[in-house]
Amino acid sequence: MADKIKDAKIVFVVGGPGSGKGTQCEKIVAKYGYTHLSSGDLLRAEVASGSERGKQLQAIMQKGELVPLDTVLDMIKDAMIAKADVSKGYLIDGYPREVKQGEEFEKKIGAPALLLYVDAKAETMVQRLMKRGETSGRADDNEETIKKRLDLYYKATEPVIAYYEKRGIVRKVSGNTD
Ligand SMILES: Nc1nc2c(ncn2[C@@H]2O[C@H](COP(=O)(O)OP(=O)(O)OP(=O)(O)O)[C@@H](O)[C@H]2O)c(=O)[nH]1
Ligand SMILES: Nc1ccn([C@@H]2O[C@H](COP(=O)(O)OP(=O)(O)O)[C@@H](O)[C@H]2O)c(=O)n1
Ligand SMILES: [Mg+2]
């Protein structure tokens, strides 16, 4: 089954919480027809299903921590395989969150052609998420968890950008469309 996605074109989309990853991905989908897979959305779908695993995930996400690597990777892989016949390429949004996640992805699935780095100022990200929290219903869109997600982003995810920069495949885009 994994053979089906062996030669797929893969783009990692990385940026801070609320940087606009999802918004930028929608624009790319409209223009290039890639398949958008948001790792956060996949995890939230599992939570919404009410499964036992979903309950464990919710507790971790509510704290702004990272869920176990294998869980996210398996979900992404399954979602990729499900779209293999119709997909021109994949936007993997919100992944990798740490260098290790990237290494495991490459071992189990394949290498990315590009990493899109969605750049936004911390202040902008916090403002957007606080605003989104008024209506999103997301358990992690609150002041305390936003701070933790931001800290973890700078600590664990920024090194991911440096790692792929060394390989020359990072493209920085502004997370501002206005
Ligand atoms: N003003 C403004 N708001 C934006 C822009 N891009 C995104 N937003 C808003 O900022 C919030 C976060 O945007 P998302 O695209 O969900 O960002 P994300 O990086 O996917 O965030 P997570 O879902 O937390 O991973 C949303 O409420 C968007 O509507 C922009 O260019 N300008
Ligand atoms: N690769 C991933 C993606 C998301 N997550 C979890 O899912 C939460 C929400 O991710 P998200 O990408 O939707 O949102 P942001 O934190 O980027 O705003 C994160 O805070 C993590 O708890 C993860 O653990 N590993
Ligand atoms: Mg998102």
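All heavy atoms count here, side chains included; hydrogens, waters and symmetry mates do not. Counting convention: from 1, in listed order, for ligands and their atoms alike. Since the model is a prediction, treat every value here as computed from it, not as a measurement.
Residue Arg138 touches ligand 1 through its side chain alone, judged by heavy-atom distances below 4.0 Å. Of the heavy atoms in Leu66, both backbone and side-chain atoms come closer than 4.0 Å to ligand 2. Contacts of Gln101 with ligand 2, taken as heavy-atom pairs under 4.0 Å, involve the side chain alone.
Of all atoms in ligand 2, numbered sequentially from 1 with element shown, those under 4.0 Å from a heavy atom of Gly18 are 18 (O). Near Tyr95, meaning under 4.0 Å from one of its heavy atoms, ligand 2 places the atoms 1 (N). Those atoms of ligand 2 that come under 4.0 Å of a heavy atom in Pro17, given as number and element, are 15 (P), 16 (O), 17 (O), 18 (O). Taking every heavy atom of Arg149 and a limit of under 4.0 angstrom, the matching atoms of ligand 1 come to 24 (O). Listed by number with element, the atoms of ligand 1 under 4.0 Å from a non-hydrogen atom of Thr23 are 6 (N), 7 (C), 13 (O), 14 (P), 15 (O). Residue Gly20 has at least one heavy-atom neighbour below 4.0 Å for each of these atoms of ligand 1: 13 (O), 14 (P), 15 (O), 17 (O), 18 (P), 19 (O).
No continuous path of hydrophobic side-chain contacts links Phe105 to Leu91 [ILVMFWY only; heavy atoms under 4.5 Å]. Linking ILVMFWY residues whenever their side-chain heavy atoms come closer than 4.5 Å, directly or via other members, leaves Ile10 and Leu114 in distinct clusters. Placement of Val118 and Leu129 in two distinct hydrophobic clusters is found when ILVMFWY residues are connected by side-chain heavy-atom separations under 4.5 Å, directly or transitively.
For atom 10 (O) of ligand 1, the closest non-hydrogen atom of the protein is Arg128 CD, 3.0 Å. Of the protein's heavy atoms, Arg132 CD, 4.1 Å lies nearest to atom 26 (C) of ligand 1. Protein heavy atom at the shortest distance from atom 20 (O) of ligand 2 is Arg149 CG, 3.8 Å. Regarding atom 3 (C) of ligand 2, its nearest protein heavy-atom neighbour is Ser39 OG, 3.2 Å. Annotation: atom 24 (O) of ligand 2 to nearest protein heavy atom, Val67 N, 2.8 Å. Scanning the protein heavy atoms around atom 7 (O) of ligand 2, the nearest turns out to be Met61 CE, 3.5 Å. Summary of contacts: the protein heavy atom closest to atom 17 (O) of ligand 2 is Lys21 NZ, 2.8 Å. Considering only non-hydrogen protein atoms, atom 2 (C) of ligand 1 sits nearest to Asp178 OD2, 3.2 Å.
An N or O contact shorter than 3.5 Å links Arg138 to ligand 2 by distance. Residue Thr177 places at least one N or O, backbone or side chain, under 3.5 Å from an N or O of ligand 1. Between Asp140 and ligand 2, not a single N/O pair is under 3.5 Å apart. Of the N or O atoms in Gly22, one or more lie within a sub-3.5 Å distance of an N or O in ligand 1. For ligand 1, one of its N or O atoms has an N or O atom of Gly18 under 3.5 Å away. Backbone and side-chain nitrogen or oxygen atoms of Lys21 are examined, and one is located within less than 3.5 angstrom of a nitrogen or oxygen of ligand 1. Considering backbone and side-chain atoms together, Arg97 places an N or O closer than 3.5 Å to an N or O of ligand 2. For ligand 2, the polar-atom distance check against Glu65 finds a nitrogen or oxygen pair separated by under 3.5 Å. At least one N or O atom of Gly94, backbone or side chain, sits closer than 3.5 Å to an N or O atom of ligand 2.
One finds the OH atom of Tyr90 at 15.0 Å from the SG atom of Cys25 (value rounded to the nearest 0.5 Å). Put simply, OG1 on Thr71 and CG on Leu66 are 11.5 Å apart, with the number rounded to the nearest 0.5 Å. Here the NZ-OG distance, from Lys121 to Ser174, works out to 10.5 Å after rounding to the nearest 0.5 Å.
Side-chain contact, Glu98 with Thr157: no donor N or O sits under 3.5 Å from an acceptor N or O.
Listed by chain and number, the residues in a ring pair (Phe, Tyr, Trp, His ring centres under 6.0 Å) with Tyr164 are Phe12 (sequence neighbours excluded). Scanning for salt bridge (charged side-chain N to carboxylate O under 4.0 Å, His left out) contacts around Asp119 gives Lys172, with sequence neighbours left out.
A donor-acceptor pair under 3.5 Å links the side-chain atoms of Thr145 to the main chain of Gln62, judged by distance alone. Looking at Asn142, its side chain does come within 3.5 Å of a backbone N or O of Glu144 through a donor-acceptor pair. Between the side chain of Lys21 and the backbone N or O of Gly16 there is at least one donor-acceptor pair closer than 3.5 Å. Not one N or O on the side chain of Arg97 forms a donor-acceptor pair closer than 3.5 Å with the backbone of Val14. A donor-acceptor pair is defined here as one N or O able to donate and one able to accept, closer than 3.5 Å; such a pair exists between the side chain of Tyr95 and the backbone of Gln101.
Inside a 4.0 Å radius of atom 29 (O) of ligand 1 there is not any protein heavy atom.
Within the structure, ligand 1 has Gly175 among the residues with a heavy atom less than 4.0 angstrom away. Not a single heavy atom of Gly15 sits under 4.0 Å from any atom of ligand 1. Using 4.0 Å as the threshold, Lys63 has no heavy atom nearer than that to any atom of ligand 2.
Note on Glu106 versus Arg167: salt bridge recorded, some NZ/NE/NH1/NH2 to OD/OE distance being below 4.0 Å. Salt bridge status for Lys147 with Asp151: present, with a side-chain N to carboxylate O gap under 4.0 Å.
Among Val14, Ile76, Leu43, the residue whose heavy atom sits closest to atom 6 (C) of ligand 2 is Leu43.
Heavy-atom minimum distance, Ala84 versus Ile5: CB-CG2, 3.9 Å. Between Lys63 and Lys148, the shortest heavy-atom contact is O-CD, 3.3 Å.
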